[in-house]
K.L.:
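Before I ask anything, here is the structure I am working with.
Quick caveat: nothing in here was measured; it's all calculated off a predicted structure.
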Protein chains: 2
Amino acid sequence: MAGKVAERRAALRENLVLIAERTIADHGLTALRARDLASEAGCAVGAIYNVFGDLTDLVLTVNARTFHRLGVDVTEALADAPQDPVEQLVVMAQAYHRFAAENHQSWRALFDVERAPGEAAPDWYLEEMGRLFTYISAPLAVIFPDRDSQEHALLTRALFSSVHGIVLLGLDEASAGVPSDDIDRMIALVLRQLAVSQE
Amino acid sequence: MAGKVAERRAALRENLVLIAERTIADHGLTALRARDLASEAGCAVGAIYNVFGDLTDLVLTVNARTFHRLGVDVTEALADAPQDPVEQLVVMAQAYHRFAAENHQSWRALFDVERAPGEAAPDWYLEEMGRLFTYISAPLAVIFPDRDSQEHALLTRALFSSVHGIVLLGLDEASAGVPSDDIDRMIALVLRQLAVSQE
DNA sequence: CCCTCAGTTGAACGTGGTTCAGTTATAGGA
DNA sequence: TCCTATAACTGAACCACGTTCAACTGAGGG
């Protein structure tokens, strides 16, 4: 019976990730508790720590999956987008918005994990981020053929951050409910403004 | 000796706010602990709860002060700004950036307090926010004289959110160090882009 | 001087993450 | 098949917090 242990370990790991994913999606990051997790998974609390270093590790694993789903959604939106580069940006940004709205708690968890100070961002984060940046960069190069790549990089980051900010504050309850359509409108306002000068 | 009690209460309140303010500024929101606070203030833990409903109340009080300082900084920057409306926006945004950078932990605390779900944002938040929005709205009305007020409101919110996003992700360590100058450049890129079409 | 009661105290409670000594199960060799 | 070293698993216990509340203190009025 070789690998029986590793098998169970893997099964437990998978199970914990799924339960954590559902808990976060349904009730938010703060609803994730070691004891509840163990009881739902049918294991002891200690078992969690045989598979993950701590709960943050588990959350980071869930976040990697969330971030990946986000990437897939944006990619799919881009595939259906028109040729016009500005509209491609708008479509991607609105896909980002839609993902955040439809997966609000999971999306928030992406940013609410407390990273240990001085801790580098995990690889999957940088990779997935790089992928998104590539998608943004391509239409920008078409819109601004005269600018150099350093400026493209800066503008890429700036646009991503802008859209992120609009979605973040738009979905925040403290702002007391910005309608979803208004968020899309704000995204379009900022992004289309880019194009005006190039017409 | 009438009012002696109220006097001590007020003094304790003031003292707690100052200690909390310094603790948050120096070590972040997570470093704020009831026992440490009491020990620093020379009172019992329970005394804190005679003056504030809970620690979140105290943090909100500190946040109100932080938000007010932010407003003052932006106002002062605006006073020294050139007449050009786009440059006014840039100056305000960069003042926002500088405040966030120089008061990183206090600034983060503004957004990291967990608001009870369904709880409305406090009045001071909405007021101060409204003041910032007014500052942004005025130059916009000059830049876009043809658009209606609803569009101005949307654009105001969009620009604030964009700048906030750029600063937020720029100062975030997970993004692995965006130089301060680059953040200012990104702000200028996005905001100046607005003007190009109006020239 | 005593009584009353608001203010104050800090030990104790509840909740949560994390640990670890004791127990159980596994794998590999005899 | 049985035995043993080793790894995994268990859950009670530990620690760190925010928060509470029964007991204590002292100021002001009678």
Side-chain angles (χ1 to χ4, degrees), chain A residues 1-17 19-24 26-63 105 109 112-117 119, chain B residues 1-17 19-24 26-63 105 109 112-117 119:
Chain A
M1 295 272 186
K4 198 169 186 181
V5 170
E7 203 177 284
R8 282 215 299 182
R9 244 179 100 99
L12 176 60
R13 188 185 165 89
E14 182 78 5
N15 203 10
L16 286 173
V17 170
I19 294 169
E21 197 163 38
R22 204 186 55 229
T23 304
I24 291 173
D26 290 351
H27 304 104
L29 190 54
T30 57
L32 195 70
R33 266 167 280 269
R35 283 165 181 76
D36 295 352
L37 205 52
S39 121
E40 270 199 76
C43 70
V45 269
I48 297 171
Y49 293 86
N50 292 330
V51 182
F52 296 99
D54 56 23
L55 282 198
T56 300
D57 270 8
L58 171 55
V59 173
L60 286 177
T61 304
V62 171
N63 279 356
Q105 303 275 33
D112 286 352
V113 226
E114 49 191 304
R115 290 165 291 257
E119 186 86 16
Chain B
M1 296 282 185
K4 195 171 184 178
V5 170
E7 203 178 287
R8 284 213 300 180
R9 246 178 100 100
L12 176 61
R13 188 187 164 90
E14 183 77 5
N15 202 11
L16 286 173
V17 170
I19 294 170
E21 197 164 38
R22 205 187 54 230
T23 303
I24 292 174
D26 290 350
H27 304 103
L29 189 55
T30 58
L32 196 70
R33 265 165 279 268
R35 283 165 182 73
D36 295 353
L37 206 52
S39 122
E40 271 200 74
C43 70
V45 270
I48 297 170
Y49 294 87
N50 291 331
V51 181
F52 295 100
D54 55 24
L55 283 199
T56 298
D57 270 8
L58 171 54
V59 173
L60 287 177
T61 303
V62 172
N63 278 356
Q105 303 276 32
D112 287 350
V113 228
E114 49 189 306
R115 290 165 290 258
E119 186 87 16

K.L.:
Check every atom of dT19(C), dG10(C), dA8(D) against the side chain of Tyr49(A) and return the nucleotide holding the closest atom.
P.N.:
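My answer, after comparing the listed nucleotides, is dT19(C).
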K.L.:
Checking all strands, does Leu37(A) fall into the base, sugar-phosphate, or nothing category for heavy-atom contacts under 4.0 angstrom?
P.N.:
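The residue Leu37(A) makes no contact with any strand.
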K.L.:
Which protein N or O atoms sit under 3.5 Å from an N or O of nucleotides 12-15 of chain C?
P.N.:
none

K.L.:
Between atom CD in Glu114(B) and atom C1' in dC17(D), what is the gap in whole Å?
P.N.:
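Taking CD of Glu114(B) and C1' of dC17(D), I get 12 Å after rounding.
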K.L.:
Taking all atoms of both residues into account, what is the closest heavy-atom pair of Ala44(A) and Ala38(A), and its distance?
P.N.:
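The answer is C-CB, 3.8 Å.
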K.L.:
Find the distance Leu32(A):CG to dG16(C):C1' and express it as a whole number of Å.
P.N.:
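Spelled out: CG on Leu32(A) to C1' on dG16(C) is 12 Å.
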K.L.:
Rounded to whole angstroms, how far apart are CD1 on Ile48(A) and C1' on dT18(C)?
P.N.:
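That distance rounds to 10 Å.
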K.L.:
Roughly how far, to the nearest 0.5 Å, is the CG atom of Asn63(A) from the CD1 atom of Ile24(A)?
P.N.:
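Result: 6.5 Å between the selected atoms.
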K.L.:
Quick one: which residue pairs count as a salt bridge (charged side-chain N to carboxylate O under 4.0 Å, His left out) with a foot in residues 36-48 of chain A, not counting sequence neighbours?
P.N.:
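Passing the test, one end in residues 36-48 of chain A: Arg22(A)-Glu40(A), Arg33(A)-Asp36(A).
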K.L.:
Which atom pair, heavy atoms only, marks the closest approach of Tyr49(A) to Leu55(A)?
P.N.:
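Taking every non-hydrogen atom into account, OH-CG, 4.2 Å.
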K.L.:
Rounded to the nearest 0.5 Å, how far does CZ of Arg13(B) lie from CG of Leu58(B)?
P.N.:
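So the gap between those two atoms works out to 8.5 Å.
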K.L.:
Without decimals, in angstroms, what is the distance between Leu29(A) CG and dG16(C) C1'?
P.N.:
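Going from Leu29(A) (CG) to dG16(C) (C1'), I get 14 Å.
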K.L.:
Could you state the interatomic distance from CD1 (Ile48(A)) to CG (Asp54(A)), rounded to the nearest 0.5 Å?
P.N.:
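Going from CD1 on Ile48(A) over to CG on Asp54(A), the span is 11.0 Å.
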K.L.:
Tell me, which of residues 51-63 of chain B have any heavy atom that sits under 4.0 Å from an atom in DNA chain D?
P.N.:
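Output list: Asp54(B), Leu55(B).
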K.L.:
Do you know the tightest heavy-atom contact between Ala20(A) and Val62(A)?
P.N.:
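Nearest heavy atoms, Ala20(A) then Val62(A): CB-CG2, 3.9 Å.
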K.L.:
So, for Gln105(A) and Asp26(A), which heavy atoms are closest and what is the spacing to 0.1 Å?
P.N.:
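The pair with the smallest heavy-atom distance is NE2-O, 4.5 Å.
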K.L.:
Looking at Leu16(B) and Ala41(B), what are the two nearest heavy atoms and their distance?
P.N.:
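Closest approach of Leu16(B) to Ala41(B), heavy atoms only: CD2-CB, 3.7 Å.
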K.L.:
Any side-chain N or O of Asn50(A) below 4.0 angstrom from OP1/OP2 of dC9(D)?
P.N.:
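Yes, such a contact exists.
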K.L.:
Atom CG of Asp36(B) to atom C1' of dG10(C): distance rounded to whole Å?
P.N.:
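One finds 16 Å between C1' of dG10(C) and CG of Asp36(B), rounded.
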